[in-house]
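This report concerns only the one structure given below.
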Amino acid sequence: MKMRIGFGYDVHPFAENRKLILGGVDISFTKGLLGHSDADALCHAIGDALLGAAALGDIGKHFPDNDPQYKGISSIRLLEKIRALLQTNGYEIVNIDSTIALEAPKVASYIEQMCENLSSALNLASSDISVKATTTEKLGFVGKGEGIAVYAVALIEKSS
């Protein structure tokens, strides 16, 4: 079996009158994230890591932000489509590791539900998904509370 690793990164600014969705979880906060879909930066970073590992491009290639069918779509649905695309190309997901960088809100109490949602969307055991959160010690746009950044790596293997 051939193993491949991919890296994903996504950022979104905070915006008024939007929901804050991360890992398919609606998080109680005064602002949400700006984006064409639900702006779930965690799902987007993971999706890019998976697509990159398979050398299949990125989320923008498969789900362009100027396509009306993706306006407001749940990014969990996009991950389901990415999982199917990987399977069609003979890949299985081995594991995912991700880090959410944000100053506020605190998301630790939501991480278990995020992992369950990701597990369901990707048909992967929760124990094979890691979601962590950190601050940037008040540095940069994240530290100033202007938005969030998410980093993800994914390991996949080619079926024989």
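If you read the sequence from its start, that first residue is 1, and numbering goes on from there.
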Problem - Transitive ILVMFWY side-chain link L155 to L85, under 4.5 Å - result: no
Fill in the blank from the handout: Between I82 and G47 the two heavy atoms that sit nearest each other are CD1-CA, 3.6 Å
Problem - Student check: side-chain heavy atoms of L51 and K61 closer than 4.5 Å - result: no
Handout entry: Transitive ILVMFWY side-chain link V94 to L86, under 4.5 Å
Key = no
Problem - V107 and V131, any side-chain heavy atoms less than 4.5 Å apart - result: no
Problem - Whether R4 side chain and A53 backbone form a donor-acceptor pair below 3.5 Å - result: yes
Problem - Side-chain heavy atoms of I27 within contact of Q113, under 4.5 Å - result: no
Practice task
Determine the interplanar angle of the F29 and F14 rings, folded into 0 to 90°, and report it as parallel if under 30°, tilted if 30 to 60°, perpendicular if over 60°.
Solution key: tilted
Problem - Joint hydrophobic cluster, V142 plus V150, side-chain heavy atoms closer than 4.5 Å - result: no
Handout entry: Minimum-distance pair of heavy atoms, taken over all atoms of I21 and L33
Key = O-CD1, 4.5 Å
Completion exercise
In short, salt bridge (Lys or Arg N to Asp or Glu O under 4.0 Å) pairs touching residues 5-19 with sequence neighbours left out are K19-D26
Handout entry: Atom pair CD1/OG of I59 and S37 - distance to nearest 0.5 Å
Key = 8.0 Å
Practice task
Please report the closest heavy-atom contact between T136 and A101, naming both atoms and the distance.
Solution key: CG2-CB, 4.1 Å
Practice task
Report yes if the side chains of E116 and V25 come closer than 4.5 Å at any heavy-atom pair, otherwise no.
Solution key: no
Exercise for the section: Is it possible for you to say whether I100 and Y110 belong to one hydrophobic cluster, with membership spreading through side-chain heavy-atom contacts below 4.5 Å? Expected result: yes
Handout entry: Smallest separation among heavy atoms of S119 and A125, with atom names
Key = OG-C, 3.9 Å
Exercise for the section: Compare every heavy atom of D48 with every heavy atom of G8, then report the nearest pair and how far apart it is. Expected result: CA-CB, 4.0 Å
Practice task
Check whether any side-chain heavy atom of L122 lies under 4.5 Å from a side-chain heavy atom of D128, and answer yes or no.
Solution key: no
Practice task
Compare all side-chain heavy atoms of L22 with those of I148 and state whether any distance is below 4.5 angstrom.
Solution key: yes
Practice task
Tell me whether V153 is reachable from I46 by hopping between hydrophobic residues (I, L, V, M, F, W, Y) whose side-chain heavy atoms are closer than 4.5 Å.
Solution key: no
Exercise for the section: Rounded to the nearest 0.5 Å, what's the gap from CG on D38 to OG on S74? Could you check? Expected result: 5.0 Å
Practice task
Please check if the side chain of E92 supplies one atom and the backbone of S159 the other of a donor-acceptor pair under 3.5 Å.
Solution key: no
Problem - CA sep, side-chain torsions, deciding dist, call: H12, L34, side chain to side chain contact (heavy atoms under 4.5 Å, CB included) - result: CA-CA 6 Å; H12 282 275; L34 185 61; 5.5 Å; no
Practice task
Just jot down the salt bridge (charged side-chain N to carboxylate O under 4.0 Å, His left out) partners of E80, sequence neighbours excluded, or say none.
Solution key: R77
Exercise for the section: Please report the C-alpha distance between L124 and R83 in whole Å, then the side-chain angles of each, then the deciding distance to 0.1 Å, and finally whether the side chain to side chain contact (heavy atoms under 4.5 Å, CB included) criterion is met. Expected result: CA-CA 10 Å; L124 190 64; R83 179 196 71 212; over 6 Å; no
Exercise for the section: Considering non-hydrogen atoms only, spot the tightest contact between Y70 and P64 and give its length. Expected result: CD1-O, 3.8 Å
Practice task
Compare all side-chain heavy atoms of F141 with those of V11 and state whether any distance is below 4.5 angstrom.
Solution key: yes
Handout entry: Polar side-chain atom of K132 near backbone of I111 as donor-acceptor pair, under 3.5 Å
Key = no
Exercise for the section: Would you mind reporting whether L78 and C43 have side-chain heavy atoms less than 4.5 Å apart? Expected result: no
Problem - Crowding at CD, E112 (>12 non-hydrogen neighbours, <6.0 Å) - result: no
Practice task
Decide yes or no on side chain to side chain contact (heavy atoms under 4.5 Å, CB included) for I156 and I5, but give the supporting numbers first.
Solution key: CA-CA 6 Å; I156 64 173; I5 191 165; over 6 Å; no
Handout entry: Short side-chain to backbone donor-acceptor contact, H36 and D67, under 3.5 Å
Key = yes
Exercise for the section: Measure the CG-NZ distance between N17 and K31 for me, rounded to the nearest 0.5 Å. Expected result: 11.5 Å
Problem - Check: S130 main-chain N/O paired with S98 side-chain donor or acceptor under 3.5 Å - result: yes
